[in-house]
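The basis for the numbers below is simple: all heavy atoms, side chains too, and nothing from hydrogens, waters or symmetry mates. Keep in mind that this is a model prediction, so the values were computed, not measured.
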Amino acid sequence: MIIIKNEHEIELIRESCRRLSVVHKELEAFIRPGISTRDIDIKGDLLIRQLGGIPNFLHYNGYPASICVSVNDEVVHGIPSKNRILQEGDIVSLDAGMIYQGYHSDAARTHAVGAISPEAQKLIDVTRESFFEGIKQAVAGNHLYDISNAIAAYIKPHGYGIVRDLVGHGVGTRLHEDPQIPNFAQTKRGPKLRPGMTLAVEPMINMGRADVNWLDDDWTVVTADGSLSAHYENTILITEDGAPEILTL
């Protein structure tokens, strides 16, 4: 069931998302060669709590950290480790969320670690741009899969693989609510978009094939062919008229 939020709920989600955007901005400035993925998690957890939130990923279905830190061929859900040191030329995806007064926020960014290859930078840029192409369709009266189809249409000419095993979702009093939001083309239209829907739209794009594998830790998702992967996500609000509001920017 898709939950339509009232004005009070929207304001709490908006504030949760605003605070999360601060976390992401601070973490972006923190990224550099030589730090561990565990350092990122410690920094992110502290920022979330200092801003009055609770890390919503920590212990979620057993996940052991507050920030998902995924490096290079890791698509999502990388587990931070003091032994995983970022190197010049890596790319790193940070997926984070918080609970603020009972309401969740969710956003992800992929960052360069120092100087990276032009090919890696293009993957990051195209992934981010595909999100903005998708949400051009996130207008009341359109259908959910208009978003999916717009993302897929933008990615297709670049020849990248669009991850099919993981999708976007609704956000509210739970981290993952209905509906699921694929990033790949759909033949059906999906439910009609209505004002008050809060959605996490999150293209996950591989430089190579779309196929992914799960590591033995049961969390970390990696590209099957070892290619780089990028992730970009914001929580958005479907508004009464015009463009959606991007709550985590």
Could you tabulate the donor-acceptor pairs under 3.5 Å formed by side-chain atoms of residues 21-28, not counting sequence neighbours?
unit_1: Ser21; atom_1: OG; unit_2: Arg18; atom_2: O; d: 2.5
unit_1: His24; atom_1: NE2; unit_2: Ala107; atom_2: O; d: 3.0

- Does the side chain of Ile155 come within less than 4.5 Å of Pro203's, by heavy atoms? no

- Query: Do Ile85 and Ser36 touch side chain to side chain, with heavy atoms closer than 4.5 Å?
  - Reply: yes

- Item | With Thr37 via side chain to side chain donor-acceptor pair (under 3.5 Å) - residues at least two apart | none

Which side-chain N or O atoms in residues 58-65 pair as donor and acceptor under 3.5 Å with protein atoms at least two apart or in another chain?
unit_1: Tyr60; atom_1: OH; unit_2: His176; atom_2: ND1; d: 2.7
unit_1: Tyr63; atom_1: OH; unit_2: Ile67; atom_2: O; d: 3.4
unit_1: Tyr63; atom_1: OH; unit_2: Gly78; atom_2: O; d: 2.6

- Query: What about Ile79 and Phe57, same hydrophobic cluster or not, with Ile/Leu/Val/Met/Phe/Trp/Tyr joined at side-chain heavy-atom distances under 4.5 Å?
  - Reply: yes

- Task: Answer yes or no: is there a donor N or O on one side and an acceptor on the other, between the side chain of Thr248 and the main chain of Thr235, under 3.5 Å?
- Result: yes

- Of all pairs that satisfy side-chain hydrogen bond (donor to acceptor under 3.5 Å, both in side chains), the ones with a partner from residues 149-161, not counting sequence neighbours: Glu129-Tyr154

- Would one find more than 12 heavy atoms of other residues, nucleotides or ligands at under 6.0 Å from atom CD of Gln50? yes

- Is a donor on one side and an acceptor on the other found under 3.5 Å between the side chain of Glu15 and the backbone of Leu12? no

All N/O donor-acceptor pairs, side-chain side in residues 161-171, below 3.5 Å, sequence neighbours left out:
unit_1: His169; atom_1: ND1; unit_2: Leu175; atom_2: O; d: 3.1
unit_1: His169; atom_1: NE2; unit_2: Asp106; atom_2: OD2; d: 3.0
unit_1: His169; atom_1: NE2; unit_2: Glu202; atom_2: OE2; d: 3.4

- Give a yes or no answer on whether the side chain of Ser130 reaches the backbone of Gly134 with a donor-acceptor pair at less than 3.5 Å. no

- Message: Can you confirm whether the side chains of Ser105 and Ser16 place a donor and an acceptor under 3.5 Å from each other?
- Response: yes

- Item | Least distance between heavy atoms, Pro182 atom then Gln186 atom | CB-NE2, 3.5 Å

- Task: Looking only at non-hydrogen atoms, find the nearest pair between Asn56 and His104 and report the distance.
- Result: ND2-ND1, 3.0 Å

- List for me each residue that meets side chain to side chain donor-acceptor pair (under 3.5 Å) alongside Ser66, sequence neighbours excluded, and say none if there are none. Asp45

- If we only count heavy atoms from C-beta on, is the Leu199 to Leu193 side-chain gap below 4.5 Å? yes

- Query: Does Val201 share a hydrophobic cluster with Leu144, counting links as ILVMFWY side-chain heavy atoms below 4.5 Å and allowing steps through other members?
  - Reply: yes

- For the student: nearest non-hydrogen atoms of Leu249 and Arg109, plus distance: CD2-NH2, 3.5 Å

- Task: Say whether Thr223 and Asp73, considering side chains only, have a donor N or O and an acceptor N or O under 3.5 Å apart.
- Result: no

- Would you mind listing the cluster partners of Ile99? Hydrophobic ones only (ILVMFWY), side-chain contacts under 4.5 Å, chaining allowed. Ile54

- Message: For a 4.5 angstrom cut-off between non-hydrogen side-chain atoms, does Phe132 reach Ile246?
- Response: yes

- Please go through Met1's hydrophobic cluster and name the other residues, only I, L, V, M, F, W, Y counting, with side-chain heavy atoms under 4.5 Å joining them. Ile3

- So do Leu94 and Val69 actually touch side chain to side chain, heavy atoms under 4.5 Å? yes

- From His77 atom NE2 to Trp214 atom CH2, the distance as rounded to the nearest 0.5 Å: 8.5 Å

- Query: Taking side chain as C-beta onward, heavy atoms only, is Ile135 less than 4.5 Å from Phe131?
  - Reply: yes

- Message: Quick check: do Asp39 and Phe30 have side-chain heavy atoms less than 4.5 Å from each other?
- Response: yes

- Can you pull the salt bridge (charged side-chain N to carboxylate O under 4.0 Å, His left out) pairs that have at least one residue in residues 223-238, sequence neighbours excluded? none

Side-chain polar contacts of residues 113-122 - donor-acceptor pairs under 3.5 angstrom, sequence neighbours left out - could you list them?
unit_1: Ser117; atom_1: OG; unit_2: Ala120; atom_2: N; d: 3.0
unit_1: Gln121; atom_1: NE2; unit_2: Asp125; atom_2: OD1; d: 2.9

- At what distance, to the nearest 0.5 angstrom, does CZ of Arg14 lie from CG of Leu247? 6.5 Å

- Would you confirm whether Asn234, through its side chain, and Ile236, through its main-chain N or O, come within 3.5 Å as a donor-acceptor pair? no

- With Val92 as reference, evaluate Thr110, Ile35, Ile31, Asn72 under the side chain to side chain contact (heavy atoms under 4.5 Å, CB included) test and give the passing residue. Ile31

- Note on the structure: In this structure, CD1 of Ile91 is separated from CD of Glu74 (nearest 0.5 Å) by 10.5 Å

- Query: At what distance, to the nearest 0.5 angstrom, does NE2 of His231 lie from CG of Asn206?
  - Reply: 11.5 Å

- Are Tyr103 and Leu237 connected in a single hydrophobic cluster, I mean Ile/Leu/Val/Met/Phe/Trp/Tyr linked by side-chain heavy atoms less than 4.5 Å apart? yes

- Task: Would you indicate whether the side-chain heavy atoms of Leu46 and Ile42 approach each other to under 4.5 Å?
- Result: no

- Note: Ala96 and Leu20 closest approach over all heavy atoms is O-CD2, 3.4 Å

- Note on the structure: Taken to the nearest 0.5 Å, the spacing of Met204 CE from Asn183 CG works out to 5.0 Å

- Item | Hphob cluster co-occupancy, Ile205 + Leu228, side-chain heavy atoms under 4.5 angstrom | yes

- Query: Between Val75 and Leu215, is there a shared hydrophobic cluster once you connect ILVMFWY residues whose side-chain heavy atoms come closer than 4.5 Å?
  - Reply: no

- Task: Would you mind listing every salt bridge (charged side-chain N to carboxylate O under 4.0 Å, His left out) that reaches into residues 171-198, with sequence neighbours excluded?
- Result: Lys5-Glu177

- Tell me, please, which residues at least two apart from Asp217 pass side chain to side chain donor-acceptor pair (under 3.5 Å). Thr220

- Starting at CZ of Arg49, measure out to CE of Met98 and round the result to the nearest 0.5 Å. 10.5 Å

